[in-house]
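All remarks here apply to the structure that follows.
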Amino acid sequence: YHMKVGNQDVVDVIMCPNPHDEPCFEKFTFTPRKILPKETPCYVLQMMHHLNFLEDFRIKQETLIRFILYVKKGYRELPYHNWLHAFSVAHFAYLCLRNFQLIERGYLTKLEALAYFVSCLCHDIDHRGTTNSFQQQSNSVLASLYSSEGSVMERHHLSQTLCILNTEGCNFLESLNREDYRRCLDLIKDMILATDLATHYKIHSRQLTMAEEGYDRTSSEHRYYLCGLLMTCADLSDQTKDWTETKRVAQLIYSEFFNQGDLEKQMGKEPANMMDREKASIPDHQVEFLTECCLCIFRILAVIFPSAKILVGAIKRNIICWKSSKDTFNKLCLEGKTSYEVLI
Ligand SMILES: COc1ccc(Cl)c(-c2nnc3c(C)nc4ccc(C(=O)NCC(C)C)cc4n23)c1
Ligand SMILES: [Mg+2]
Ligand SMILES: [Zn+2]
């Protein structure tokens, strides 16, 4: 049957190469951004088949496909916070589920695993390429809706996700019993809200304590902290890939940051240095972000899952590359290039 959603026909989604034929698809070194955008919905479906979600939760394939296509359509054409970011975050979740055996070893229940994968896919829906503080500064509609609770953008991503689930023919969770359905929506809420970096900074020390004490499967706090950690790691997973990928992703992120800085200047506001294309020193800021934020988070992950050590190693390599790129950056900036021009 043919149902048009956006510019992709449902039938296309089913017919695509089987990613599992490519062994490295299952490895942390695989870079999901190299997959053709038009093939990504099919890969999402394949990953969910491989995680056995359709069988475990009696999910109708055609409903799931419609949901995936609506989620993809929900992302804007932005340099970074677009569908390909969501797809790469969901792919990292898939890698964690498979490589850390999160279900088999009881870290996550099957329902938590489903919520984790779906939350990654939906965690930035309808992003505008601007930060939570920019929502406040610009008195955006979203700020008026959500600023009293905080995590403005994340609450919007959650609300967009629930709207799609309530769209005719898109509720792939419909065969869950009432209790599982309610639990799954609560998990999706916790997980999407956990992607607010400010929330991560608040609970980071307790996540470290949890890792050092040893994960307690009976503790609801531990389960919440683990979900938050897995979401933030997935959101930052571009930083665990090779240098070429990391450099290209940084260029996309700063393209969004500098666009926001331009908007702030037009509003008569002084942008933060990292948002100001005239003042930002990308290598310095990236060394700081990777060292202060990414390295810490993935070190906690590696305490719980020792095989995640390779991800910590990849981040360390990228930090070294940013440090060595500083000389090149400074030399070229002396020749009058902005740090962004050096990056592209
Ligand atoms: C987990 O949630 C998010 C949300 C948004 C973004 Cl862009 C990212 C993210 N993903 N990759 C990166 C890289 C390579 N560098 C970054 C440098 C600064 C910031 C940042 O948000 N600084 C705080 C200030 C804006 C208040 C985020 C960065 N980032 C992660
Ligand atoms: Mg986000
Ligand atoms: Zn994100």
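Counting convention: from 1, in listed order, for ligands and their atoms alike.
- Of all protein atoms, those that are N, O or S and lie under 2.8 Å from the Mg ion (ligand 2) total 1.
- Side chain of Arg223 to main chain of Arg217: a donor-acceptor pair is present (N/O by atom type, distance under 3.5 Å, no hydrogens or angles).
- Outside the 6.0 Å centre-distance limit, the rings of His81 and His123 are not counted as a close aromatic pair.
- There is no side-chain donor-acceptor pair under 3.5 Å between Asn273 and His285.
- Ion pairing between a basic and an acidic side chain is recognised when a charged N comes within 4.0 Å of a carboxylate O; Asp327 and Lys331 show no such pairing.
- Between Asp180 and Arg182 there is no salt bridge, since no side-chain nitrogen of the basic residue lies less than 4.0 Å from a carboxylate oxygen of the acidic one.
- Asp242 has its side chain within reach of Thr31: a pair of non-hydrogen atoms, C-beta onward, lies under 4.5 Å apart.
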One line per pair, note the atom names and distance for all nitrogen or oxygen contacts under 3.5 Å between ligand 1 and the protein.
residue  : atom   : partner : partner atom : Å
ligand 1 : 2 (O)  : Thr195  : O            : 3.3
ligand 1 : 2 (O)  : Asp235  : OD2          : 3.4
ligand 1 : 15 (N) : Gln286  : NE2          : 3.2

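- A donor-acceptor contact shorter than 3.5 Å is absent between the side chain of Thr199 and the backbone of Thr195.
- With hydrogens and angles ignored, the 3.5 Å screen pairs no side-chain donor or acceptor of Asn171 with any backbone N or O of Thr167.
- Applying the ring-ring contact (aromatic ring centres under 6.0 Å, His included) test to every pair with at least one member in residues 195-217, sequence neighbours left out, gives these pairs: Tyr107-Tyr215, His200-His204.
- By the 6.0 Å and 45° rule, Lys27 does not stack over the aromatic ring of Phe30.
- Taking a cutoff of 4.0 Å between a charged side-chain nitrogen and a carboxylate oxygen, Arg183 and Glu112 qualify as a salt bridge.
- Aromatic ring centres of Tyr80 and His127 lie farther apart than the 6.0 Å criterion allows.
- Around the Zn ion (ligand 3), protein N, O or S atoms at less than 2.8 Å number 4.
- The shortest side-chain heavy-atom distance between Phe172 and Val118 falls under the 4.5 Å cut-off.
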